[in-house]
Amino acid sequence: MAEQSSAGEYRFFLDLFIVHPTLVPDEITKILGMEPDITHCLGAPRRTPKGTPLSGTYANTRWRRSTEHVVEDPGFASELSRLIDALGPHKAFFSEVKANGGTASIIIKFMDGFLADELSSVMLARLVELDLSLGIECYAGLPQSRTAPPR
């Protein structure tokens, strides 16, 4: 699940991922006041993560910000709770994204090793209040070159 970085340290990522049929990445960045790690704009030519051209164009906009976390205890809920708190002021934006055919989600990415935690009903209710979905991505066992963020 999460790679153990060194004795007593565990690594995972929390991503904010927005997919929308008409917004452009710069609009999302401006509204949230956060810089993305990965963006694809509606109608732009498709490319691999290394920049190799693919056929076709992107059917929607994708905006993704990824934050690495290293913790001493193999739990992730406290960092997730902090992210939910930080996103609270953007509730109206996330609701608008959903109302206009898009999705907004927090994704927990586990790379290797062991992480375990419990998400309380209160925390899950906070996600629902923000119109955020919860995703989980596990890259355990993949070679390091395959663990790059998805395009």
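Since we're looking at a predicted model, the values are computed, not measured. Every heavy atom of this structure was used, including side-chain atoms; hydrogens, water molecules and symmetry mates were not.
Although no hydrogens or angles enter the test, the distance criterion places a donor-acceptor pair under 3.5 Å between the side chain of Tyr58 and the main chain of Arg47. A donor-acceptor pair is defined here as one N or O able to donate and one able to accept, closer than 3.5 Å; such a pair exists between the side chain of Arg46 and the backbone of Ser55. For the pair Asp117 (side chain) and Phe76 (backbone), a donor-acceptor distance under 3.5 Å is present. Side chain of Arg64 to backbone of Pro36: no donor-acceptor contact under 3.5 angstrom is found.
Taking every heavy atom of both residues into account, Asp131 and Ser95 meet most closely at OD2-OG, 2.8 Å. Between Leu132 and Ser105, the shortest heavy-atom distance links the atoms CD2-N, 4.1 Å. Between Trp63 and Met34, the shortest heavy-atom distance links the atoms CZ2-O, 3.4 Å. When every heavy atom of Asn60 is checked against every heavy atom of Arg62, the shortest pair comes out as OD1-NE, 3.2 Å. Of all non-hydrogen atoms in His40 and Ile38, the two that sit nearest each other are CE1-CG2, 3.9 Å. Minimum heavy-atom separation, Val71 to Asp73: CG2-O, 2.9 Å.
Contact of the Ile18 side chain with the Leu23 side chain is not registered, since no non-hydrogen atoms from C-beta on lie closer than 4.5 Å. Contact check for Pro21 versus Asn100: no side-chain heavy atoms found under the 4.5 Å cut-off. Side-chain contact check for Leu14 versus Ile107: every heavy-atom pair is 4.5 Å or farther apart.
Note on Leu83: it clusters hydrophobically with Phe94, by side-chain heavy-atom contacts below 4.5 Å among ILVMFWY residues. Under the 4.5 Å side-chain contact rule for hydrophobic residues, Leu87 and Leu119 share a cluster.
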What do the steps show when you test Phe93 against Ile28 for side-chain contact (heavy atoms from CB on, under 4.5 Å), and what is the final call?
-> CA-CA 9 Å; Phe93 172 69; Ile28 298 168; 4.2 Å; yes
List the steps, then state whether side-chain contact (heavy atoms from CB on, under 4.5 Å) holds for Thr61 with Cys41.
-> CA-CA 4 Å; Thr61 291; Cys41 191; 4.3 Å; yes
Working for side-chain contact (heavy atoms from CB on, under 4.5 Å), residues Asp37 and Asp15 | CA-CA 10 Å; Asp37 295 299; Asp15 292 8; over 6 Å; no
Take Thr29 and Glu35 through the test side-chain contact (heavy atoms from CB on, under 4.5 Å) and record every step on the way to the result.
-> CA-CA 6 Å; Thr29 300; Glu35 289 296 322; 3.6 Å; yes
Go through the steps to decide whether Lys30 and Glu27 satisfy the test salt bridge (charged side-chain N to carboxylate O under 4.0 Å, His left out), and finish with yes or no.
-> CA-CA 5 Å; Lys30 183 178 178 183; Glu27 289 178 83; over 6 Å; no
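Lys109 contributes atom NZ, which lies 9.5 Å from atom OG1 of Thr67 (distance to the nearest 0.5 angstrom). Here Tyr10 contributes atom OH and Glu72 contributes atom CD; the two are 10.0 Å apart, rounded to the nearest 0.5 Å. In this structure, Lys98 NZ and Ser133 OG are separated by 6.5 Å, a value rounded to the nearest 0.5 Å. Distance check, rounded to the nearest 0.5 Å: CD of Glu118 to CE of Met123 gives 9.5 Å.
A side chain to side chain contact (heavy atoms under 4.5 Å, CB included) with Ile106 is found for one member of Ile84, Leu130, Ile136 and no other, namely Ile84.
Remark: Arg126 does not engage Glu129 in a salt bridge, criterion side-chain N to carboxylate O under 4.0 Å.
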